[in-house]
Each structure stands twice: as C-alpha cells, then as structure tokens.
Amino acid sequence: AKARVIVIGGGIGGATVAKYLAASVTTIDVTLVEPRRVYTTCFFSNLHLAGLRPLEQLTHGYEALAKQYGITVVHESAETIDPSAKTVTLNNGSKLSYDRLVVAPGIAFRGGAIEGYDEAAIEIMPHAWNAGPQTRLLRQQLESMEDGGLFVLVAPPNPFRCPPAPYERASLIASYFQRSKPKAKILILDAKDSFNAQDLFQDAWNRHYPGMIEWLPAQFTGGVTAVDTKTRSVITAGETFKAAVANVIPAQMAGRLAHQAGLANQSGWCPVDPVTFESALQPGVHLVGDAIIGGDMPKSAFCANSQAKACAFAIAADLTGSTRFPAHLFNTCYTYLAPDDAFSNAISFQPVDGKLKTVLSFVSKVEESADIRRLAARAAEGWYDAFTHDVFG
Ligand code: FAD
C-alpha cells in the first residue's frame with residue numbers, strides 16, 4: 001500500500017509541503033486538509049490597504065494542487081490529532097489515518113493581552129493579520145475615514161508573523177493618505193522599543209511622509225493595555241487615544257491545533273528538528289511555517305516555503321529509503337516604503353547545533369539610490385507571481 005501523508009493547513013507552508021511531496025514521489029498518497037476554498041496572501045495585502053491591488057489578485061485556489069499533482073484536498077478543519085493512534089479527526093466527524101503528519105496551522109492570537117479586544121472587537125478594530133475579510137474591512141474603514149482623522153496601528157510584541165509588516169503597512173497607508181486624505185495622521189503604538197529595519201523605515205517616513213507618522217515605543221507609553229470599541233479608543237497606561245480607524249495587531253502564538261496536539265511548548269510555539277522539521281515533542285509529526293520556533297528564521301512566507309521543501313524531502317527520504325540531502329534554507333523579502341520605493345533582503349540559513357542559524361545575509365541600506373529602490377519595487381511584483389506559482393500553481 002502507498003504511504004499516507006496528511007498535511008493540515010493549506011497556507012504557504014502546508015500547500016508547499018503537499019505539492020513537493022506529491023510532485024517528487026509517486027508512491028505516497030498526499031491529503032491536504034484546509035477549511036477554506038481559497039487562500040488570500042498576507043504578503044501584498046498592505047498594497048490592498050493602500051488601494052494599489054485588488055484582493056482578487058491576491059487570492060489563490062487549490063485546483064492545480066488537486067488536478068496536476070493528484071493531492072486529495074479536503075475542505076474541512078482538523079479538530080484533533082491523536083499522535084499515538086496516528087489519526088486526525090475532522091470537524092465533520094470523519095477520521096483519517098496517516099503514516100506521517102505535517103501540521104502548518106499558522107498563527108493564533110493570544111487572548112487577554114489587550115482588555116476588551118475580543119471576537120466582537122475584531123470586527124470593529126480589525127487585525128487584518130490573516131488576509132481576506134479582515135483586510136477588506138480595514139480597507140473599507142480607511143476609505144470611509146474623513147480627511148484629518150487619526151489612524152492608530154497597535155504593533156505586537158516579538159515574536160510575530162512578518163517582522164517588517166506592521167511598518168510596511170503604516171508606510172503604504174501613509175502613501176494612500178497622501179494621495180486622498182492629506183490631513184490624516186498615523187500613530188503607531190508599539191509593544192516594543194525598536195523594530196525590524198527601523199533605520200530604513202524612519203528614513204523613508206521623513207523623506208516621503210514628513211510629519212504624518214508618529215511611532216511611540218513601549219518605553220514611552222507602557223504599551224496598549226485595553227481598547228474601547230464604543231468610543232473607538234486605544235488605551236495605554238497613561239493616555240487614551242481616540243482613533244478614526246484602529247488596526248490592533250495582538251500578540252501571537254502557534255495556531256490552535258498545535259496546542260491541542262501537544263506540539264507547542266510553554267513559549268506558545270513549536271520546537272522542531274531543524275533538518276527534518278519533525279516535532280521535538282511528538283514523533284512522526286512535522287511542522288513548518290509561522291507555528292515553529294525557527295531560530296534565526298523569521299516568520300515569513302518565504303521561510304515557510306523553504307522549510308516546507310526541506311521537510312517534504314526529509315519525509316520522502318524516510319518513507320522511500322532514499323538518500324537525505326542536507327537542508328538549504330532561505331529568506332528573500334521585499335518591503336514597500338512607498339509604491340516606488342522598496343527595500344529587500346536575502347538570507348541563507350543552516351542547522352547548527354540543533355538551531356537554525358544565519359549563514360549569509362544581504363540587507364538594503366539607507367543610502368541606496370532611488371533607482372535601486374524603484375527596481376526592488378518592480379522586482380517584488382515578479383517575485384509575487386513566481387512565488388505564488390511555486391506554492392499553488
Ligand atoms: P498560513 O499561511 O497562515 O497558513 C495556515 C493555514 O492553516 C491557513 O490556511 C488556515 O486556514 C489553516 N489552518 C489553521 N488551522 C487549521 C486546522 N485546524 N485545520 C486545517 N487547516 C487549518 N511573508 C513574506 O515572505 N513576504 C512578505 O512580503 C510578507 N508580507 C506580509 C505582510 C503582512 C501584512 C502579513 C500579516 C504577513 C506577511 N508575510 C510575508 C508573512 C506570511 O504571510 C506568513 O509568514 C505565512 O503566511 C506563513 O505561512 P504558514 O503556512 O505558516 O501560515
């Protein structure tokens with residue numbers, strides 16, 4: 001009989017594992033469990049918020065994975081995992097058996113960190129940290145905001161999905177305000193005292209949007225403690241900020257299923273072997289993407305995709321008895337400061353003493369020319385098409 005691999009989560013990490021396993025070995029049956037029929041990418045969703053990309057262009061289906069690669073795609077959510085019986089129970093009650101399991105559930109939000117930020121509040125002060133309806137809602141709020149209004153962005157504590165993304169969001173929304181609501185202001189209330197690529201962002205904010213964006217670190221405000229949706233206020237220890245639009249990005253942890261299945265440790269994230277991406281807590285279960293403790297690897301789509309390939313090849317080698325190759329892991333990231341100004345980085349990683357460590361890195365500099373930045377903004381568009389084709393095509 002063919003070996004059975006179940007992949008839970010059809011986001012960037014899960015879809016890539018399923019595709020690369022199915023494409024590289026014909027003696028493995030691959031099932032992908034994902035409740036949603038379409039996936040909207042978080043990457044480039046900040047361009048949607050700025051009115052620069054329709055959400056439809058960021059939305060991908062599972063047809064190619066099913067038809068071209070023979071993956072069984074089940075649109076249900078996984079409720080429980082029983083690692084000793086090697087079974088997964090779905091929310092429709094059916095039970096699936098596996099030889100190997102891959103779990104790629106992305107992130108969940110930590111409850112209780114910000115008082116009043118509950119399920120109902122999410123519909124009034126969207127996080128838009130999973131793309132789709134939340135992104136659409138935030139865009140609608142920005143569009144209907146009056147000129148002169150205050151947009152408050154609450155930035156999360158480390159570690160979180162995509163370190164530069166809150167600041168890219170502020171930059172692109174500033175570019176939208178500059179075009180459509182030039183009297184509007186942006187206030188970033190951060191849970192941290194510094195942030196990723198801070199020099200590049202602050203340089204760009206001074207050049208492109210002088211006086212529009214204010215960033216307040218945790219040491220000045222004590223961080224956001226509560227929200228009041230009735231008055232659309234964001235509350236810190238010393239001050240209350242009344243927002244026209246509020247985007248609250250809460251503290252994060254591995255997706256819920258990882259906790260149910262005993263895959264996460266007390267940090268809230270999942271420890272893995274950095275070569276095979278097998279769980280350090282449950283043998284026979286592998287994890288990739290934002291849910292893992294990735295060492296130097298940030299929680300990015302590019303990293304999830306790179307980890308997924310290493311994981312797929314390790315599982316294929318184990319199940320077929322073929323040679324296992326050493327993992328090569330990468331991150332490439334383009335970040336928009338303005339529609340024609342983007343910076344980039346490229347980093348390679350390797351497992352060293354049980355941890356994923358940076359080997360080589362390139363990071364854009366503040367003094368780069370406008371031409372280089374314009375080229376990066378265009379290269380990012382090509383990257384988007386090639387990358388999503390690699391995952392879903
Ligand atoms: P996801 O892509 O979130 O996939 C998880 C999937 O699991 C989801 O489809 C979910 O429905 C499914 N799932 C969850 N629970 C279950 C369950 N119980 N049963 C079945 N399925 C389940 N990264 C970059 O590389 N470049 C960028 O420019 C970039 N920009 C970003 C901008 C923003 C605003 C944000 C928020 C993120 C950005 N990222 C970027 C980060 C990137 O989106 C994530 O790192 C990436 O999506 C992680 O992939 P994942 O597979 O771990 O999780």
Side-chain angles (χ1 to χ4, degrees), residues 1-39 60-106 255 257-258 260-263 270 272-273 275-279 282-289 291-292 304-325 327 388-393:
K2 283 186 171 184
R4 291 157 307 174
V5 176
I6 297 178
V7 180
I8 299 176
I12 301 306
T16 307
V17 175
K19 173 176 162 176
Y20 274 78
L21 262 179
S24 55
V25 193
T26 52
T27 54
I28 298 178
D29 263 338
V30 181
T31 300
L32 179 62
V33 179
E34 164 60 52
R36 293 183 288 191
R37 297 204 168 251
V38 292
Y39 178 87
H60 306 269
Y62 294 93
E63 295 77 18
L65 294 184
K67 291 208 183 88
Q68 285 177 41
Y69 298 95
I71 297 165
T72 306
V73 182
V74 179
H75 288 298
E76 297 289 342
S77 97
E79 290 291 298
T80 55
I81 297 167
D82 183 340
S84 49
K86 294 196 168 181
T87 56
V88 174
T89 305
L90 307 182
N91 65 332
N92 64 5
S94 62
K95 203 177 259 194
L96 307 176
S97 301
Y98 63 82
D99 297 300
R100 287 297 172 104
L101 178 66
V102 181
V103 181
L257 186 68
Q260 179 281 321
L263 297 164
C270 305
V272 295
D273 177 295
V275 177
T276 61
F277 293 88
E278 187 166 0
S279 166
Q282 300 284 5
V285 182
H286 298 246
L287 294 129
V288 295
I292 72 163
N305 172 268
S306 187
Q307 293 159 1
K309 289 171 186 171
C311 176
F313 295 138
I315 291 175
D318 279 2
L319 292 177
T320 62
S322 59
T323 315
R324 189 196 282 166
F325 295 100
T388 50
H389 183 75
D390 186 46
V391 179
F392 296 106

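Atom CD of Gln68 sits about 8.0 Å away from atom NZ of Lys19, to the nearest 0.5 Å. To the nearest 0.5 angstrom, Leu263 atom CG is 5.0 Å from Ser279 atom OG. One finds the CG atom of Leu287 at 10.0 Å from the CD atom of Glu278 (value rounded to the nearest 0.5 Å). To the nearest 0.5 angstrom, Asp82 atom CG is 7.0 Å from Lys95 atom NZ. The CG atom of Leu21 sits 8.0 Å away from the CG atom of Leu319 when rounded to the nearest 0.5 Å. Atom CD1 in Ile8 sits 10.5 Å away from atom CD in Glu79 (nearest 0.5 Å).
Checked against side chain to side chain donor-acceptor pair (under 3.5 Å), Thr31 has no partners two or more places apart in sequence or in another chain. Qualifying side chain to side chain contact (heavy atoms under 4.5 Å, CB included) partners for Lys2, counting only residues two or more places apart in sequence or in other chains: Asp29. Taking the side chain to side chain donor-acceptor pair (under 3.5 Å) definition, one finds that Thr323 meets it with nothing, sequence neighbours left out. Partners of Asp318 by salt bridge (charged side-chain N to carboxylate O under 4.0 Å, His left out), not counting sequence neighbours, listed by chain and number: Arg100, Arg324. Under the rule for a salt bridge (charged side-chain N to carboxylate O under 4.0 Å, His left out), the partners of Lys309 that lie at least two apart in sequence or sit in another chain are Asp390. Every side chain to side chain donor-acceptor pair (under 3.5 Å) that Thr320 has, sequence neighbours left out, goes to Ser322.
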(request) For Gln260 and Thr80, run side-chain contact (heavy atoms from CB on, under 4.5 Å): C-alpha distance rounded to whole Å, both residues' side-chain angles, the deciding distance at 0.1 Å, then the answer. (result) CA-CA 7 Å; Gln260 179 281 321; Thr80 55; 3.7 Å; yes
(message) Apply side-chain contact (heavy atoms from CB on, under 4.5 Å) to residues Val288 and Thr16 and explain how you reach the verdict.
(response) CA-CA 10 Å; Val288 295; Thr16 307; over 6 Å; no
(request) Run the numbers on Val285 and Tyr98 for side-chain contact (heavy atoms from CB on, under 4.5 Å), then give the verdict. (result) CA-CA 10 Å; Val285 182; Tyr98 63 82; 4.0 Å; yes
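Between the side chain of Ser24 and the backbone N or O of Tyr20, at least one donor-acceptor pair lies under 3.5 Å.
The minimum heavy-atom distance linking Ala310 with Phe277 is given by the pair CB-CE1, 3.9 Å. Closest non-hydrogen pair, Gly289 versus Gln307, comes out as N-OE1, 2.8 Å. The two atoms that bring Asp99 and Lys86 nearest to each other are O-NZ, 3.5 Å, heavy atoms only. Here the shortest heavy-atom pairing between Leu65 and Ala15 reads CD1-CB, 4.0 Å. Closest non-hydrogen pair, Glu34 versus Gly10, comes out as OE1-N, 2.7 Å. Scanning both residues, Ala261 and Pro83, for their nearest heavy atoms gives O-CG, 4.4 Å.
Applying the 6.0 Å contact sphere to NE2 of His75 captures more than 12 heavy atoms from other residues, nucleotides or ligands.
Tested against Val33, the residues Leu257, Leu96, Val7, Val88 include a single side chain to side chain contact (heavy atoms under 4.5 Å, CB included) partner, Leu96.
Between Tyr39 and Phe392, the gap from one ring centroid to the other is short of 6.0 Å.
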